Number of protein chains: 2
Amino acid sequence: MLILPLTTPILKDGDDLAALLAAHEKFLEGDIIVISSKAIATVQGARIDLQKIQPSPEAQEWARRSGRSPTFRQAVLDETKRLKGRVVGGSELAMLTEVSPEGLKGTLLVPNAGLDQSNVPDGFAIGWPLDPIASATLLRTRLQESTGKRLAVIVSDSCCRPRRWGVTAFALVACGLQPLTSQIGRKDLFGRPLTMTVEAVADQLATAANAVMGNADQSIPAAIIREYGVALNDFCDWVPGIEPEDDLFKGAF
Amino acid sequence: MLILPLTTPILKDGDDLAALLAAHEKFLEGDIIVISSKAIATVQGARIDLQKIQPSPEAQEWARRSGRSPTFRQAVLDETKRLKGRVVGGSELAMLTEVSPEGLKGTLLVPNAGLDQSNVPDGFAIGWPLDPIASATLLRTRLQESTGKRLAVIVSDSCCRPRRWGVTAFALVACGLQPLTSQIGRKDLFGRPLTMTVEAVADQLATAANAVMGNADQSIPAAIIREYGVALNDFCDWVPGIEPEDDLFKGAF
């Protein structure tokens, strides 16, 4: 498996993302393009002007407890509401939000409802594209049309996991491949049926890509996964999550 | 970045893991070898004979609540104790354990204290090597001696994350590279200091490798990460975790 960073100029509102990506790399049949949700949101002009936000007392309180400005905290509360979520915790660094965007099976646990103040101009915040599935579908269609190759697109966000330091990633949306591979019916080396029956294909590929994308000033908003050996298809949706009541982690912490 | 699966014959007690790995792939200077903790435990003969275990009433109760045999549940309770941990939750599939092995900063949240019944003969379970740091050090030394190249070793385990389906991975021990890269002082595209200041290098590489290793009958216990562009050094330790009280996820769920 080959993971190639995809460099672009600094992205801005109105940029043609498909053209910029195709200009910097020749795609091959079956390539999987992992792209950061923030890159898509950026070219869509979805950044939030924090100066236009009036912080509520709740946002003031969150700013005191978990850093950043009251206007950023209000933006997180607003985005949490838009994504039909709730605040479930927080530390000095961030709020922890559990969001349930329309159409997602299960929920997503993310810091700050996916909002970030990195890689946007001062005074702004940026989150996910307003409609990540439509965005992924369009990007895939445009890339396939311009290259003549069958491709897949994964929209990723950087994230973290309990008790671990640092940025890893997960897949928000997969378009063109199955995000979870069932291992039901598969056997281990000794012919016993497997007990962990699902492989988190899209999440693993998003993380692998994130290792070359960087989250600083590298200008690498995407990466190509080549020769992974998975069959592409026409799945295009949120990567399904677990309902909270079925989660191994329920009741812990 | 290139990720190459490393195939071996089915591993067994007493096998020379370094020789088996070196026999199947030519290593290059700077290669990072990700190896499953279970592969190391297997050649060390660290598998647990479940027939020799007397289940306690607590284990009987866990078997009723989260599947598998009472003897497997007792093995998990015993391993949790050995790793100075505790059971913090569970579902119908597994127990969720928080372990604090000697020398680890913070704790690790893992299903079943790292024990597994896959890829061991019927009636046995297998977990981590008894001393993962010593094992990684030895494997690195042996591989470097036999190849004449400077290499790094990451010992990985497969795992999962809250609200997400499926198997991903994390790094237990890193030997020969910095497992976390501080981004303090780094700036974003607009020159602003980054707010997420740590990159989970070892975890991301463990996950990337896991994408080609498979957890079924593929006989791929390891993978090579090539051309990642990180400087190797002499760090060799547990990948540090977060103390529970500092964790963003504290109080959630």
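Numbers restart at 1 for each chain; the letters A, B, ... are given by sequence-line order, proteins then strands. Fair warning: this is a prediction, and the values are worked out from it, not measured in the lab.
Both the backbone and the side chain of B:Leu2 come within less than 4.5 Å of a heavy atom of chain A. In this structure, chain B has a heavy atom under 4.5 Å from the side chain of A:Glu98, while its backbone stays farther away. Neither the backbone nor the side chain of B:Val201 comes within less than 4.5 Å of any heavy atom of chain A.
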Step-by-step side chain to side chain contact (heavy atoms under 4.5 Å, CB included) determination, A:Arg161 to B:Leu109
CA-CA 10 Å; A:Arg161 47 205 298 172; B:Leu109 275 169; over 6 Å; no

B:Leu248/A:Leu93 under side chain to side chain contact (heavy atoms under 4.5 Å, CB included): CA gap, chis, key distance, verdict:
CA-CA 8 Å; B:Leu248 174 65; A:Leu93 287 170; 5.9 Å; no

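Of all the listed residues (B:Ala208, B:Ala94, B:Gly67, B:Ala200), the one sharing the greatest number of non-hydrogen pairs under 4.5 Å with chain A is B:Ala200. Chain A forms more heavy-atom pairs under 4.5 Å with one residue of B:Thr181, B:Leu4, B:Val239 than with any other, namely B:Val239. Interface remark: of the candidates A:Gly229, A:Pro244, A:Gly106, A:Pro244 forms the most heavy-atom pairs closer than 4.5 Å to chain B. Among B:Pro121, B:Ser91, B:Ala223, B:Ala206, the residue with the largest count of heavy-atom pairs under 4.5 Å with chain A is B:Pro121. Note: B:Asp203 leads B:Asp203, B:Leu108, B:Asp246, B:Ile225 in heavy-atom pairs under 4.5 Å with chain A.
Between A:Arg164 and B:Ile242, the shortest heavy-atom distance links the atoms O-CD1, 3.2 Å. Shortest non-hydrogen contact noted between B:Glu199 and A:Ala211 is OE2-O, 4.3 Å. Shown here for A:Gly90 and B:Lys250, the closest heavy-atom pair between the two residues is O-CE, 3.6 Å.
For the pairing with A:Thr207, the side-chain contact (heavy atoms from CB on, under 4.5 Å) check across B:Asn210, B:Thr207, B:Thr168 returns one residue only, B:Thr207.
One distance of note links CD of B:Glu227 with CD1 of A:Ile3; it measures 12.0 Å at 0.5 Å rounding.
With hydrogens and angles ignored, the 3.5 Å screen pairs no side-chain donor or acceptor of B:Asp247 with any backbone N or O of A:Pro162.
In the displayed structure, B:Glu245 atom CD is contacted under 6.0 Å by more than 12 heavy atoms of other residues, nucleotides or ligands. In A:Trp165, the CH2 atom is not crowded: 12 or fewer heavy atoms of neighbouring residues, nucleotides or ligands sit closer than 6.0 Å.
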